[in-house]
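These notes are about the structure you will find just below.
Just so it is clear: chains get the letters A, B, ... in the order the sequence lines come, proteins before strands, and each one is counted from 1. The basis for the numbers below is simple: all heavy atoms, side chains too, and nothing from hydrogens, waters or symmetry mates.
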Amino acid sequence: MIPAAFDYLAPTSVADALAALAEAGDDAKVLAGGQSLLPILRMRLSAPEKVIDLGRIEELRGIREDGDHIVVGATTTYTDALASDLLREHAAVLQDAIKEVADPQIRRRGTLGGALVHADPAGDVGAPALALDTEFVITGSAGERTVAAADFFQDLFETAVGEGELLTAIRIPKHTGWGAHYEKFVRVSHQWSIVAVAATIRVEGGSIAEARIGLTNMGSTPLRATAVESALVGVAATDEAVREACAAAAEGTNPPSDLNGSADYRRALAPILTRRAVLAAAGA
Amino acid sequence: MTRITVTVDGTSYSDEVEPRMLLVHYLREAVGKTGTVIGCDTSNCGACTVHLDGRSVKSCNVLAVQADGHEVTTIEGIAVNGELHPMQKAFHECHALQCGYCTPGMILQAIDVLNENPHPSEEEIRVGLEGNLCRCTGYHNIVKAVQQVAGQDSPVEQPEGATAGVQS
Ligand SMILES: Cc1cc2nc3c(=O)[nH]c(=O)nc-3n(C[C@H](O)[C@H](O)[C@H](O)COP(=O)(O)OP(=O)(O)OC[C@H]3O[C@@H](n4cnc5c(N)ncnc54)[C@H](O)[C@@H]3O)c2cc1C
Ligand code: FES
Ligand code: FES
């Protein structure tokens with residue numbers, strides 16, 4: 001299938017990209033890795049007059065340390081994020097989730113910023129970003145603002161990034177030394193998550209000192225399992241104790257029903273996957 | 001129309017293209033590299049896999065304009081002077097194809113897997129090929145072919161001048 005015709009712009013700076021966006025108004029689409037946008041254009045679910053490619057903007061790419069945070073440029077690819085020692089050391093659960101995204105070819109092109117702005121509830125990077133209390137740096141003609149993860153994901157395919165704005169970077173608070181695991185439940189390899197759980201855990205003397213749990217595809221946005229996070233504090237990292245603390249993982253969720261499973265099936269999966277994720281993250 | 005310059009299998013091409021043209025259509029219709037095939041409309045099957053600057057991508061999910069200034073290697077660029085690339089030879093010897101439709105993409109992805117990890121386990125080979133579907137072989141002989149290449153002393157050594165080289 002072939003997309004509808006469009007004009008193509010490839011700015012080389014954020015300022016030029018914002019100017020192009022402002023001029024084009026709502027007739028423009030931003031292109032990052034294209035791994036979600038190009039299928040959408042090919043199926044003609046969208047037919048923008050202009051496509052503004054961020055791929056030639058060097059300043060949007062790369063991973064660096066900034067005090068207590070790791071800063072990831074919006075167009076950093078999954079592959080580059082997987083190779084990053086900084087992420088491995090300070091935000092391991094994000095890398096664990098990226099390993100489960102699509103396939104090697106798609107991870108070469110797909111970007112973290114593109115995936116986060118696309119905000120597919122079955123996408124794998126939202127839950128770990130939420131679990132890590134990631135801050136989202138959004139830039140528009142009025143300048144830069146920072147949005148907390150809890151306010152970034154607003155609804156199905158909807159985020160805090162407004163018209164004429166770009167997600168330029170994410171800032172991840174360092175979770176150095178935290179155990180991590182992403183438990184993705186699928187029927188076959190190479191599938192979107194039916195349900196998945198991102199867990200990152202700080203263990204002290206054999207028991208859980210802090211826990212952060214993000215849920216994938218248990219609602220229209222990624223969700224935090226806050227009841228489980230509280231229940232896990234002080235709990236021994238054993239199968240029995242963790243099982244009990246994870247029982248409430250589906251509390252407050254509103255999962256979809258589709259060909260892969262009913263909402264009830266997903267509610268039944270969540271505590272089981274959460275227990276597996278927590279135990280693996282705790283190294284138990 | 002936008003002018004792009006792309007190196008394909010070692011030769012530089014300069015063409016006016018519509019921005020909406022997919023890289024796979026550019027390769028097949030403008031450059032004539034019909035060895036790269038289209039198997040799906042959803043970027044799932046991997047049949048269209050090529051190397052872009054030495055790393056595998058699905059060419060049905062890249063615009064030709066995005067490849068401007070870059071290098072592409074297709075299945076037609078890995079044999080040198082009529083001598084098959086070791087991965088092509090291994091696919092032949094291990095009977096790793098039946099209808100052959102998935103083969104161009106499968107071979108380029110298999111080369112990429114070994115470029116990343118010259119001695120993968122069977123599991124790592126299967127996971128590395130997860131974005132490439134084969135409807136005929138059941139994958140078993142494909143995995144064997146990759147293992148055969150990986151088992152050689154110098155894994156994917158190839159004739160001089162080949163464009164899809166191992167990054168040592
Ligand atoms: C076959 C297949 C399987 C897949 N499987 C999975 C999977 O298992 N798990 C998973 O999580 N994902 C999966 N994906 C989706 C993949 O992760 C996409 O790469 C990702 O969702 C989009 O990132 P991108 O950089 O390619 O963005 P693009 O496709 O370029 O853009 C996506 C959207 O975000 C907007 N956008 C992009 N960047 C910015 C920015 N910086 N600022 C503002 N707006 C922006 C675009 O306008 C567009 O609307 C799969 C995709 C395919 C084709
Ligand atoms: S044709 Fe490109 S992935 Fe199927
Ligand atoms: S050999 Fe027929 S699809 Fe693989």
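Proximity to chain A (any heavy atom under 4.5 Å) is restricted, for B:E18, to the side chain, taken from C-beta onward. When heavy atoms are compared at a cutoff of 4.5 Å, B:D112 approaches chain A solely by way of its side chain, counted from C-beta outward. Neither the backbone nor the side chain of A:A10 comes within contact range of chain B; no heavy atoms are under 4.5 Å apart. No part of B:I38 comes within reach of chain A, as not one of its non-hydrogen atoms sits under 4.5 angstrom from that chain. Residue A:L41 does not touch chain B at all, counting heavy-atom pairs closer than 4.5 Å. Only the side chain of A:L31 comes within contact range of chain B, with at least one heavy atom under 4.5 Å from a heavy atom of that chain. Heavy-atom distances place both the backbone and the side chain of B:V62 under 4.5 Å from chain A. For a residue to count as touching a neighbouring chain, one of its non-hydrogen atoms must lie under 4.5 Å from one of that chain's; by this rule B:S43 touches chain A with backbone and side chain alike.
Taken from CG in A:L18 to CD in A:E23, the straight-line distance is 13.0 Å, to the nearest 0.5 Å. The CZ atom of A:F6 sits 13.0 Å away from the NZ atom of A:K50 when rounded to the nearest 0.5 Å.
Each of B:K144, B:Q88, B:Q148 was evaluated against B:E93; a single residue qualifies, B:Q148, per the side chain to side chain donor-acceptor pair (under 3.5 Å) test.
A donor atom on one side chain and an acceptor atom on the other are not found under 3.5 Å apart for B:Y26 and B:S59. Neither side chain, A:T111 nor A:T75, offers a donor N or O lying under 3.5 Å from an acceptor on the other. Side chains of A:N260 and A:Y265: no donor on one and acceptor on the other come within 3.5 Å.
Per-residue counts of heavy-atom pairs under 4.5 Å with chain A were compared for B:L129, B:L52, B:V57, B:L133; the largest is that of B:V57. Among the candidates A:M43, A:R42, A:M1, the residue making the largest number of heavy-atom pairs closer than 4.5 Å to chain B is A:R42. Interface check for chain A: of the options B:L22, B:V65, B:T2, the most heavy-atom pairs under 4.5 Å are formed by B:V65.
Contact check for B:K33 versus B:R28: no side-chain heavy atoms found under the 4.5 Å cut-off.
Scanning all heavy atoms of the two residues, the minimum distance from B:H119 to B:E124 falls at O-OE1, 4.4 Å.
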